[in-house]
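The block underneath contains the structure these notes are about, expressed in C-alpha cells.
Every chain is numbered from 1 and lettered A, B, ... according to where its sequence line falls, protein lines coming before strand lines.
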Protein chains: 2
Amino acid sequence: MSNKTSPWSKDWYKEHDPIYIATDCIIFGFDEGILKLLVFKRRVEPQKGAYSLIGSFVKLNESVTDAAKRVLEEITGLKNVFMEELRTYNEVMRDPGYRCISIGQYALIRISDYDNELVEKHGAIWYPFNELPELVLDHDIMVKDALTRLRRKARYQPIGFELLPEKFTIPQLQNLYEAIYQKQMDSRNFRKKVLSFGVLIKLNEKDKLSSKKGAFLYKFDYDKYQQLVASGINFEV
Amino acid sequence: MSNKTSPWSKDWYKEHDPIYIATDCIIFGFDEGILKLLVFKRRVEPQKGAYSLIGSFVKLNESVTDAAKRVLEEITGLKNVFMEELRTYNEVMRDPGYRCISIGQYALIRISDYDNELVEKHGAIWYPFNELPELVLDHDIMVKDALTRLRRKARYQPIGFELLPEKFTIPQLQNLYEAIYQKQMDSRNFRKKVLSFGVLIKLNEKDKLSSKKGAFLYKFDYDKYQQLVASGINFEV
DNA sequence: ATTAATTAACGTAAAAAATACATTTATTAT
DNA sequence: ATAATAAATGTATTTTTTACGTTAATTAAT
C-alpha cells in the first residue's frame, strides 16, 4: 500500500480514484428438462431490443450480494436467492460510458418457485441456454464463465438441491446433469452413482407425468449432504 | 439495470456511488521444502508493526491485474507474475476508513527467481505458511481462501510449473504437494502418478543437494501440458 | 579401499471404482 | 386383453487406486 499518508485516514482515500461498481447476475434455471438463463430485454434506447443480464450498481451502503438480491427481487419477486460470486470484469475499457467494474454473480434456481408473470412484466425472460441471443458488453463472456463454473461446482456439490423442486425423480436429476454437461449418461450407472452418495431419501410417491409406470420421487437429506461436503466428498457423476 | 436515465450516458453514472477499489496479493512461494507467503510489515502508524498482505488501490486507467503487478514489481522486483483473481471482499464495514472493496489475487512464484534484498528493503518478508502472524483487516480470511483455492487448483493444473524452479526433482515436487495438502504421500505412487501425466521431461542431470545418490532433474513439457489442460484432465495426485 | 550412511528409484498384487451393456416391471390407454 | 411407455435393476470387464519392501547410486568416514 502507498504510505504517503496514513492509511485509514480520510485524506489517504482522497488520493485515490473511486470507481463505479456494478453487479451482473447469471441466473440458471431448470424447467421442462432444459437449462435456462434469465435475461433482460432492453426496452429503451440505446440498444433498445438488445439482451443483457440483469444487473445493478452497488450502493455505498450495501454489499455486492445485497445489490444483486435487490435487483433480482425487483425483477423476479424472489427473495433469498443464494448468489455466488463468479469473478470481476474489470478491463479498463469494458464499459463505453465510464470506468466501471462489474462483479459477476451466479445462482441456480427452481423456476417453478418463481412468479413468472412478474418476471415477464419487468421485461425479463427465461431463455433456453442452447438458444441464447447475443448479449451486450461482455455479458456473453460472463455466461460462458458461469457455465464453466457450474460444471466445476457440480463436481463437489450436489447442485440438484438448488435447481430441482423439493421432490424430484432420478430421471429428472439425470436430465439436469445431462443438460449441464451436454452429454448423455447411462441411466443404470447414473442411478447407482447418485444413490451411492447416500443423500437421497426415497419417498412413497410417484411422479406420473413423464411415464405410465411413474418414477419414484426423492428428496435430499440436507444434514447428510452438509456432512459429506464438509468431509470433502467428490460428487462427480 | 436502472432505467431512469439512459445507460452509458454520463448522467446515468452520476446517479450512482463510486467506491474505492483495492487489490491485495496473496503470494505463495516454495523454498527449502516449505510453503511460504509474502507478507508486509507496516513501518508507520497506525498499526505500526502489524502484518498485512501487499496491496494497492486500483487506478482509473489500470486493470486490477495491472495494479497488482505494479505493486508487486515495486516490492519484489519481479515482473510478469501471473496473478489469478481469488474473489472480492466487499462487506460494507470491512475497512474502517471508507467503503472500499478489495479484489484478492493470488500467485504462485519461484522464490529463487526473486531479488530477496529488494523484498526486504521494502519491508516484505517471506513467511513460512505454518507460522503466519495475524494479519490486518480481513487479510487472514483472504489467505485461508487462497489456500483452499490453491488446493482445488492443484487438482486440474500442474502447479509445480509455477512454484518450482525450471529444473526440479520428483522428490521436490512431492514435497510441494505435501506442503500444499499438509499430508504425507507414498513416494512410489506419487512418482507413478505424476509421470503418468506425460508432462515431465527427464534430464540427464542430477541434483545432489539432498542426497548422496542424487535425484534426476526434470522439466515440464509446456506444450503437452497445454494440450492436457485443454482436454480437461484431472491432475490430482 | 572398504564400509556406513543416505535418499532415489522401482514393481506387483489386492482392492475399489468406473464402465459397458439388455431385460423385466408397473402403469395407462386402447 | 393388449400395446405402449418409461422406470428399475445386475453383472462382468476394465481401469484406477492403494498398500507395501528392496535394491541402487553416491559420498564421507575410516
Reference residue A/Tyr222; test side-chain hydrogen bond (donor to acceptor under 3.5 Å, both in side chains); the match among A/Lys224, A/Lys219, A/Gln226
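Exactly one pass, corresponding to A/Gln226.
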With the side chain of [X] defined as its heavy atoms from C-beta on, choose the nearest nucleotide among [options].
X: A/Lys213; options: D/dT9, D/dA24, D/dA7; result: D/dA7
X: A/Lys208; options: C/dT27, D/dA8, D/dA6; result: C/dT27
X: A/Arg191; options: C/dC21, D/dA8, C/dC10; result: D/dA8

Between [X] ([atom1]) and [N] ([atom2]), how many Å, whole number?
X: A/Met185; N: C/dA18; atom1: CE; atom2: C1'; value: 13 Å
X: B/Lys212; N: C/dA4; atom1: NZ; atom2: P; value: 13 Å
X: B/Lys206; N: C/dT7; atom1: NZ; atom2: P; value: 15 Å
X: A/Leu200; N: D/dA8; atom1: CG; atom2: P; value: 12 Å
X: A/Asp186; N: D/dT11; atom1: CG; atom2: C1'; value: 13 Å
X: A/Gln172; N: D/dA6; atom1: CD; atom2: P; value: 14 Å
X: A/Lys192; N: D/dG10; atom1: NZ; atom2: P; value: 10 Å
X: A/Gln174; N: D/dA6; atom1: CD; atom2: C1'; value: 12 Å

Validation row: A/Gln182, A/Asn130 side chains within 4.5 angstrom (heavy atoms)
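SC-SC contact between A/Gln182 and A/Asn130 confirmed.
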B/Asp24-B/Ser102 side chain donor-acceptor pair, cut-off 3.5 Å:
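Per modelled atom types, B/Asp24 and B/Ser102 side chains form a pair under 3.5 Å.
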For A/Met83 and A/Ala68, which heavy atoms make the closest approach, and how far apart are they?
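Shortest heavy-atom contact: CE-CB, 4.1 Å.
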Contact nearer the 5' end of DNA chain D, comparing A/Pro171 with B/Asn189:
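It is A/Pro171, whose closest nucleotide lies nearer the 5' terminus.
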Is A/Lys193 near enough to C/dA18 that one of its side-chain N or O atoms lies under 4.0 angstrom from OP1 or OP2?
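Result: yes.
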